[in-house]
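Notes for the one structure printed next.
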Amino acid sequence: MARHDIVVLGAGIVGICVALHLQKRARSVVLVDRRGAAEETSFGNAGLIQREGVYPYGFPHDFGALLRYGFNRTIDAHYHPRALPRLAPFLWQYWHHSRPARHAEVARRYAKLIEHCVAEHEALIAQAGAGEFIRRAGWMKLFRTARERDLRFAEAERWQREFGIRHRQLDARALREAEPHLAPVLAGALHWTDPISVQDPQDLGLAYAALFRRLGGRLVQGDAASLEADGAGWRLRSAEGQMQSGGAVIALGPWAEELTRALGYDLPLAVKRGYHMHYRAAGEAKLNHPVLDVERGYFLGPMRRGMRLTTGAEFALRDALPTPVQLGRAEPIARELFPLAERLDAEPWMGSRPCTPDMLPVIGPAPRHRNLWFAFGHAHHGLTLGAVTGRLVAEMATGEAPFVDPAPYSAARFGR
C-alpha cells in the first residue's frame with residue numbers, strides 16, 4: 001500500500017497550487033482527481049488574476065436590480081425556479097452579508113488575500129516557465145452611460161485610497177484610441193492596470209502541474225469520496241490501489257460539500273454556474289484588453305482558443321442540466337459591440353463556482369480532524385486566489401508561520 005506525506009484532493013487551480021507549494025517544501029505529495037488537471041471549473045473561467053477584486057461579488061440590494069433579477073431575463077444573473085427552495089437558506093445569508101456595512105467588512109478581510117494574488121502567481125509563472133500564457137495589460141470595465149461611468153470612477157478612486165489599487169479613467173475618445181474595434185456607443189471605461197490576464201487558464205494550470213511533477217509530485221486518478229481516517233492519517237482508493245497519507249487537503253471546489261458532509265461538517269456551500277463560448281474575431285478585429293460590458297452583464301476576452309464570451313451567475317443545483325440562456329441573450333449584444341464571426345465550440349461550456357454566503361473562501365485546518373485542511377469556496381476568484389491559497393495551506397500544513405493571517409477564512413467561523 002503506497003504511503004505519502006500528504007494527498008491533495010482536487011486538481012483544479014487551487015488544488016494544483018496547494019500540491020505544488022507542498023512539493024516545493026520537500027513533502028511527498030500526491031494530487032488526486034477523477035479526471036486530469038484543470039479540466040473542470042478551472043478550464044473555462046474569464047482568465048483574470050484580479051488584483052482589483054477586493055470586493056467579492058455581492059447580492060444586489062437596490063430595488064431596481066432586484067426587480068430585474070426577479071423577472072429572470074438578465075445576462076448577469078439567472079435562476080432555476082425549482083432550485084429556489086433548496087437555495088433559499090444560502091441566498092438569505094448571502095443577501096445578509098452583502099449589506100453595505102457588512103460587505104465593507106468582508107472586503108477588508110478579503111483584501112488581505114487579494115493584495116498578494118499577482119505576486120504569488122508571478123512567482124509560480126516564472127518557476128513554471130509559463131510566461132507565454134500571460135498578458136500584463138490589465139482589463140477594462142466598459143460603460144454605456146455617463147451615470148454608471150461616473151459612479152464607478154468614484155468607486156475606483158475610493159478603492160485606490162483604501163487598498164492601493166491603480167486604475168485609469170478613460171472617456172469615450174480615449175477608449176476609442178485604446179480599443180478601436182469596439183462600436184462607438186460607449187461613454188468610457190475604467191482600466192484596471194494591476195491585474196494580469198491568462199490567455200488559456202487550463203494551460204496555466206497544466207504548466208503548474210508539470211512543475212509539480214518535475215519536483216517529484218504525482219498526479220493520480222482516484223475517488224475523493226473514498227477518503228476516510230486511518231489512525232492519525234488518511235486513506236483512499238485510487239487507480240493505483242489503496243493509498244495512505246499522513247495528511248489530506250480537500251480542494252474539490254464545487255464538489256467539496258459532498259466530502260465535508262460525509263465527514264460530519266455542515267458548511268453553507270452552494271454554487272454559481274457560468275457558461276462560455278468561443279468565437280472567431282471577424283476580419284482583422286482584435287481586443288487589446290479583456291472587457292466587461294457592465295450594464296449588460298457579460299465578459300469578452302481574447303484567448304488562445306478565440307474570443308471567449310462568458311456570462312454571469314446562474315443559481316441552480318450543481319448537477320442540473322445546462323441552461324445557457326444567458327449566453328443566448330449576451331451573444332447578439334456582444335456582436336453589436338465587437339465584430340464576432342462564427343462560434344468555435346460545438347456546445348457551450350458550463351462550470352460551477354464554489355461559493356460561501358459570506359463570500360470568503362474556506363482555508364485552513366478542519367475543526368474536528370487532525371491532519372486535514374480545507375481549501376475551497378473561492379467563488380469567482382479561484383484562479384485569482386489559487387497561488388495565494390496554495391502557499392497559505394502549505395505553510396499551515398508544514399508548521400511555518402502563515403504569510404497571511406488565516407483566521408478569517410477558517411471553517412470554524414460557521415460554527416457547524
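The structure displayed is predicted, hence computed values, not measured ones.
Under 3.5 Å, the side chains of S28 and H4 contain a donor-acceptor pair of N or O atoms. Side-chain contact of T389 with H378: a donor-acceptor pair under 3.5 Å is present, judged by distance alone. In this model, no donor atom of one side chain and acceptor atom of the other lie less than 3.5 Å apart for T193 and H167. Counting only N and O atoms by type, the side chains of S238 and Q221 include no donor and acceptor under 3.5 Å apart. Counting only N and O atoms by type, the side chains of Q326 and Y275 include no donor and acceptor under 3.5 Å apart. For the residue pair Y110 / H381, a side-chain donor-acceptor distance below 3.5 Å is found, with atom types taken as modelled.
Salt-bridge formation is not detected for the pair R318/E257: no Lys NZ or Arg NE/NH1/NH2 atom is positioned less than 4.0 Å from an Asp or Glu carboxylate oxygen. The pair R144-E148 fails the salt-bridge criterion, with no side-chain N (NZ, NE, NH1 or NH2) lying under 4.0 Å from an Asp/Glu carboxylate O. For the pair R413 and D358, the salt-bridge criterion is met [side-chain N within less than 4.0 Å of a carboxylate O]. Using a cut-off of 4.0 Å between Lys/Arg side-chain N and Asp/Glu carboxylate O, E342 and R280 are scored as salt-bridged. Salt bridge status for K112 with D405: absent, with no side-chain N to carboxylate O gap under 4.0 Å. Under a 4.0 Å N-O distance rule, the pair E40/R35 qualifies as a salt bridge. Looking at E179 and K286, no side-chain N of the basic residue comes within less than 4.0 Å of a carboxylate O on the acidic one, giving no salt bridge. Remark: R102 does not engage E105 in a salt bridge, criterion side-chain N to carboxylate O under 4.0 Å. A salt bridge links E240 with R218: at least one charged nitrogen is closer than 4.0 Å to a carboxylate oxygen. A salt bridge is absent between R108 and E162; no separation between the charged side-chain nitrogens and carboxylate oxygens falls under 4.0 Å.
Using a 4.5 Å heavy-atom cutoff, the side chains of H289 and H191 are in contact. Counting heavy atoms from C-beta outward, R343 and H278 have side chains that stay 4.5 Å or more apart. The side-chain heavy atoms of I196 and I125, taken from C-beta on, include a pair separated by under 4.5 Å. Side chains of K141 and F299 form no contact here, defined as non-hydrogen atoms less than 4.5 Å apart. V185 places a side-chain heavy atom less than 4.5 Å from the side chain of L337. Using a 4.5 Å heavy-atom threshold, the side chains of L215 and L20 count as touching. Side chains of P367 and F374 form a contact here, defined as non-hydrogen atoms less than 4.5 Å apart. Under the 4.5 Å side-chain criterion, counting only non-hydrogen atoms from C-beta, F163 is not in contact with E115.
With F143 as the aromatic partner, R152 does not meet the cation-pi criteria of under 6.0 angstrom to the ring centre and within 45 degrees of the ring axis. The side-chain tip of R34 points at the ring of W255 from less than 6.0 angstrom away and within 45° of straight on. For the pair R273 and F315, the cation does not sit on the ring face, since its NZ or CZ is not both under 6.0 Å from the ring centre and inside 45° of the axis.
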Salt bridge (charged side-chain N to carboxylate O under 4.0 Å, His left out) between E132 and R304, worked out: CA-CA 11 Å; E132 64 183 293; R304 284 189 164 191; 2.9 Å; yes
Can you check side chain to side chain contact (heavy atoms under 4.5 Å, CB included) on L383 and L204, steps first, answer last? CA-CA 10 Å; L383 175 60; L204 182 65; 4.1 Å; yes
Run the ring-ring contact (aromatic ring centres under 6.0 Å, His included) test on H103 and F59 for me, step by step, so that the C-alpha distance in whole Å, both residues' side-chain angles and the decisive distance to 0.1 Å come before the verdict. CA-CA 10 Å; H103 201 188; F59 197 99; over 10 Å; no
Go through K272 and E314 one step at a time and tell me if the salt bridge (charged side-chain N to carboxylate O under 4.0 Å, His left out) criterion holds. CA-CA 5 Å; K272 296 180 189 176; E314 180 181 66; over 6 Å; no
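Other residues, nucleotides and ligands contribute over 12 non-hydrogen atoms within 6.0 Å of the CZ atom of R158. More than 12 heavy-atom neighbours from other residues, nucleotides or ligands sit within 6.0 angstrom of CD on E177. Residue R86 qualifies as open at atom CZ: its count of foreign heavy atoms under 6.0 Å is 12 or below. The local environment of CZ in R166 is sparse, with at most 12 non-hydrogen atoms from other residues, nucleotides or ligands closer than 6.0 Å.
The side-chain contact (heavy atoms from CB on, under 4.5 Å) test applied to Q202 returns A38, E39, F43, D200, L206, R305, not counting sequence neighbours.
Side-chain atoms of T384 come within 3.5 Å of backbone N or O of Q50 as a donor-acceptor pair.
Classification of the W159-Y55 ring pair by plane angle, with boundaries at 30° and 60°, yields parallel.
Between the OG1 atom of T310 and the CG atom of L48 there is a distance of 8.5 Å, given to the nearest 0.5 Å. Here the NE2-CG distance, from H96 to L91, works out to 14.5 Å after rounding to the nearest 0.5 Å. Atom NE2 of residue H276 and atom CE of residue M307 lie 13.0 Å apart, to the nearest 0.5 angstrom. Annotation: the span from L142 atom CG to L190 atom CG amounts to 10.0 Å, rounded to 0.5 Å. If you take CG on D5 and OG on S245, they are separated by 9.0 Å, rounding to the nearest 0.5 Å.
Across all non-hydrogen atoms, the minimal contact from A207 to A128 is O-CB, 3.8 Å.
Applying the salt bridge (charged side-chain N to carboxylate O under 4.0 Å, His left out) rule to pairs touching residues 14-24 yields nothing, sequence neighbours excluded.
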